Amino acid sequence: MVQKMKKVVVAVIMLVLLNQLKSSMKCRLTESIIQPNKDSACDYNHVIVRNDHKINVVYAVENLLDDEKLSMNLDGSYRHTFVRDITYILRQSLLSLSVTTSKPYLKYLTVHIFCRSDSASDIAVIQTLIDELHQTSNLIDIQLEIFDINTVTSERKVWGKDKKLEASANYLRFYLADILGKKGIKKMLYVDYDVMFVQSVHSVFYQYANGQNVSLAAATQKQENCWAGKIIHMGDSRLSNSKLRANDPCLVSAAMLINTENWIRQQRTKRIEDLLKANKEKELWTLGSLPPLMIEFAGEWEQLPLGVIADNKGHKEGSSLQQMMAENKNITMLHPSKLRNFVEHSIVWFQVVISAEDDIPIMPHLLAGFKSMNIPSLNFLIILHHKTEEAPQLWEATNITKSFGVFNIIHWIGNYSSEAMHELRSRMRKMANVRNDDWIVHADSDQIHEFPTNDAPFFLKNIVSATGYDSVHGYYIDRVSVDGSLNNITSNKSLSDQFPLACYMSTQVVKLGNNDTRANIPSKLIAFRGYLSENRGGGKLDTKSESNSCSYPVWLKSNHYKWTWAVIRKMELRVEIEKKLPWGYQSSNVLKHIKENNGKINIADDRLKCRKVDNEREISPTTSIALQMCSKYKYKDKDLQRLD
């Protein structure tokens with residue numbers, strides 16, 4: 001009997017080991033690179049990637065503090081753009097790289113940003129940017145690299161009018177293999193600062209520039225935009241032995257995979273320097289670094305699949321990203337990114353802080369709701385909060401946000417506090433380069449506002465701004481389920497159908513406004529100009545802003561979907577955190593009401609005045625009252641009018 005038991009135990013152990021082996025085989029390791037199958041159950045936390053196969057992404061920048069530059073508006077006119085636009089786009093590029101990289105590969109991702117050693121101002125700008133990103137998101141490792149200007153040959157010349165192409169950083173890409181090769185880096189992805197990442201870059205990074213003789217992998221531009229004969233004097237006798245043909249499409253030099261070992265072995269840098277010197281002696285091309293790259297690698301480079309790098313030249317609308325993704329699902333990178341240079345003076349942003357512990361069910365409704373208000377997803381500023389960085393809910397929330405085309409995402413790790421939340425909101429607006437003339441649509445994660453004609457930018461810029469107002473307030477419509485149950489939010493029904501009742505919870509139960517019993521008073525901050533700021537809790541403007549603001553004299557509706565299953569955990573948490581604060585009683589009031597009514601909201605309570613919401617009614621403040629221009633006086637409660 002004992003022997004039989006031993007055999008059974010051995011058989012079970014062998015079966016477990018066999019299953020583990022099968023599971024590990026799902027994670028195919030090619031040269032120690034993890035290559036997971038879609039259905040793999042791999043434990044990525046224990047995958048070891050050799051140093052030479054880590055994902056190294058490289059930027060090179062120069063002259064960040066140059067004087068003003070010119071950028072084109074949508075109507076063809078020009079406006080002045082300063083250095084902050086450059087750092088803004090670089091920041092967007094870094095954030096997009098961070099949030100699109102698949103989680104298992106984040107720990108193997110390192111970003112190198114090169115600055116000239118003799119440019120203290122550039123170094124300071126980039127170091128500040130790195131510090132800001134590290135403070136708000138620990139997703140990627142960013143390293144400041146310093147290069148000597150003498151690294152780049154002086155034997156070069158730009159014959160054309162665009163003298164910015166003479167910058168040494170523009171030619172540094174030819175020297176990166178030598179610089180980073182000395183650090184043991186065997187492959188890198190070089191990108192310009194205006195490249196936007198749309199999908200995880202790991203697949204492209206690992207699949208290409210691996211061949212024994214391949215030192216460069218790149219995509220091509222649209223041939224109608226750029227071809228060899230357009231930028232290079234193909235009839236020059238010095239090109240008689242070149243493999244390059246006049247009708248060959250131009251390479252996309254803004255994003256290139258470089259195999260450093262092959263590059264160094266093939267002496268590519270020296271050969272390109274010879275081409276640069278030849279062009280300086282006698283014009284062979286008019287532009288900067290692209291022509292010598294095409295001549296040197298003609299017939300000797302690996303082409304990336306069509307669409308991996310989307311060519312954004314010729315597009316002047318920031319929203320063209322969605323159009324491109326609809327046309328080609330393989331897009332990994334977009335160049336050039338035109339998120340700020342080709343937009344109107346005043347931008348409408350949407351900012352929200354979302355709890356990854358409690359708010360995942362409402363997230364698709366929330367993001368879709370504000371996106372339907374004509375606010376581009378590129379203008380969303382999303383802060384995702386969780387206590388721990390490795391929490392699965394945090395990454396689920398990140399993926400949901402990314403699925404809406406949102407790149408401005410930062411992770412807030414740690415315990416909740418209104419002070420920390422306020423600091424992060426302010427910092428993220430600064431990172432996004434929000435300007436004084438911009439508008440910020442502001443909401444809690446359980447709020448969805450109602451703008452006239454459901455067009456927030458039109459209302460804020462053409463009605464509110466046009467009459468001189470700089471902030472907009474609203475009032476809560478506390479949405480409750482049909483019987484007062486604290487239901488979970490589902491994805492198969494609209495929020496209005498799941499919570500068809502409106503009850504005065506905020507004033508009669510929560511007791512907002514120091515126990516003011518008037519129906520849904522006080523107001524809730526909905527939108528404000530870039531030179532103003534909200535208070536710690538976010539419900540109002542801060543004291544300084546409020547004294548200088550001119551509030552729009554009509555309150556809008558803000559549907560409040562707070563009364564779900566998650567409200568109990570939220571209130572229990574806040575009771576402990578805020579018990580010593582002046583508003584600490586509010587969470588206790590909610591818990592008391594729910595407990596007294598058997599875990600539900602008492603919709604029969606006369607104080608709550610519960611009623612079914614008419615979702616078909618349209619809102620039109622322009623016809624509700626005759627608006628006068630703001631005379632910079634502060635409206636009192638009695639002067640404010642609500643849209644019932």
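Numbering of residues begins at 1 and proceeds along the displayed sequence. Since the model is a prediction, treat every value here as computed from it, not as a measurement.
Residues Phe499 and Asn487 share a closest heavy-atom pair of CZ-O, 4.2 Å. Between Ile362 and Asp446, the closest heavy-atom pair is CD1-CA, 3.9 Å. Met373 approaches Pro457 most closely through the heavy-atom pair O-CD, 3.3 Å. The minimum heavy-atom distance linking Trp349 with Asn379 is given by the pair CE3-O, 3.3 Å. The heavy-atom pair separating Leu97 from Leu109 by the smallest distance is CG-CD2, 4.0 Å. Closest of all the heavy-atom pairs between Gln393 and Ala356 is CB-O, 3.1 Å.
Between the side chains of Trp565 and Asn488, at least one donor-acceptor pair of N or O atoms lies under 3.5 Å. Side-chain contact of Ser471 with Ser549: a donor-acceptor pair under 3.5 Å is present, judged by distance alone. The closest side-chain donor-acceptor pair between Ser465 and Arg529 falls under 3.5 angstrom. A donor-acceptor contact under 3.5 angstrom links the side chains of Glu450 and Asn559, judged on distance only. Between the side chains of His593 and Asn602, no donor-acceptor pair of N or O atoms lies under 3.5 Å. For the 3.5 Å distance criterion, the side chains of Gln447 and Ser558 qualify, holding a donor opposite an acceptor.
Side-chain atoms of Ser545 never come within 3.5 Å of backbone atoms of Leu532 as a donor-acceptor pair (strictly under, hydrogens ignored). In this structure, the side chain of Ser445 does not engage the main chain of Ile354 through any donor-acceptor pair within 3.5 Å. When atom types are taken as modelled, the side chain of Asn597 and the backbone of Gly599 share no donor-acceptor pair closer than 3.5 angstrom. Side chain of Ser355 to backbone of Glu357: a donor-acceptor contact under 3.5 angstrom is found. Without hydrogens or angle criteria, Asp497 side chain to Lys493 main chain gives no donor-acceptor distance under 3.5 Å. Judged by distance alone, the side chain of Glu389 and the main-chain N or O of Ile413 form no donor-acceptor pair under 3.5 Å. Without hydrogens or angle criteria, Ser481 side chain to Ser485 main chain gives a donor-acceptor distance under 3.5 Å. Distance alone, capped at 3.5 Å, is enough to place a donor-acceptor pair between the Asn535 side chain and the Gly538 backbone. The backbone N or O of Thr543 sits nowhere less than 3.5 Å from a side-chain atom of Glu546 that would complete a donor-acceptor pair. With hydrogens and angles disregarded, a donor-acceptor distance shorter than 3.5 Å links the side chain of Ser93 to the backbone of Val195.
Taken from SG in Cys503 to CH2 in Trp563, the straight-line distance is 10.0 Å, to the nearest 0.5 Å. Once rounded to the nearest 0.5 Å, the distance linking CG of Leu424 with CD of Gln351 reads 11.0 Å. One distance of note links CZ of Arg479 with OH of Tyr561; it measures 4.0 Å at 0.5 Å rounding. Here Asn374 contributes atom CG and Asp455 contributes atom CG; the two are 4.5 Å apart, rounded to the nearest 0.5 Å. Between atom OG of residue Ser506 and atom CG of residue Asp478 there is a gap of 3.5 Å, rounded to the nearest 0.5 Å. Rounding to the nearest 0.5 Å places CD1 of Ile347 at 12.5 Å from CD1 of Ile375.
The residues Lys544 and Asp542 are annotated as not salt-bridged, no charged nitrogen and carboxylate oxygen being separated by less than 4.0 angstrom. A salt bridge links Glu534 with Arg425: at least one charged nitrogen is closer than 4.0 Å to a carboxylate oxygen. A salt bridge links Lys524 to Asp444: one of the charged nitrogens lies within less than 4.0 Å of a carboxylate oxygen.
Taking the side chain as every heavy atom from C-beta outward, Tyr552 and Phe459 approach each other to under 4.5 Å. Taking the side chain as every heavy atom from C-beta outward, His202 and Thr101 never approach each other to under 4.5 Å. Residues Trp555 and Ile526 fail the side-chain proximity criterion, which asks for heavy atoms closer than 4.5 Å. Annotation: side chain of Asp606 is not in contact with side chain of Leu608 (no heavy-atom distance under 4.5 Å). Annotation: side chain of Ile603 is in contact with side chain of Val480 (closest heavy-atom distance under 4.5 Å). Residues Asp141 and Val111 fail the side-chain proximity criterion, which asks for heavy atoms closer than 4.5 Å. Between Ile360 and Ile400, the closest side-chain pair of non-hydrogen atoms falls below 4.5 Å.
By the 6.0 Å contact criterion, CG on Asp483 is enclosed, its count of non-hydrogen atoms from other residues, nucleotides or ligands being greater than 12.
The one candidate from His449, His365, His442 that meets the ring pair (Phe, Tyr, Trp, His ring centres under 6.0 Å) condition with Phe370 is His449. The only member of Val201, Val204, Val198 that meets side-chain contact (heavy atoms from CB on, under 4.5 Å) when paired with Val308 is Val204.
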**Message:** Run His335 and Asp194 through side chain to side chain donor-acceptor pair (under 3.5 Å) and show every step you take.
**Reply:** CA-CA 7 Å; His335 177 266; Asp194 56 351; 3.3 Å; yes
**Prompt:** Could you walk me through whether Val348 and Val441 pass the side chain to side chain contact (heavy atoms under 4.5 Å, CB included) check?
**Reply:** CA-CA 7 Å; Val348 175; Val441 173; 3.8 Å; yes
**Request:** Verify side chain to side chain contact (heavy atoms under 4.5 Å, CB included) between Ile594 and Leu486, making sure each step is shown before the conclusion.
**Result:** CA-CA 9 Å; Ile594 293 173; Leu486 300 176; 3.7 Å; yes
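In this pair, Tyr416 and Trp412 present their aromatic rings tilted. The plane angle is within the 30 to 60° band. The aromatic rings of His411 and Trp395 lie perpendicular to each other, with more than 60° between the two planes, well past the 30° mark.
For Tyr469 and Phe528, the ring centers sit 6.0 Å or farther from each other.
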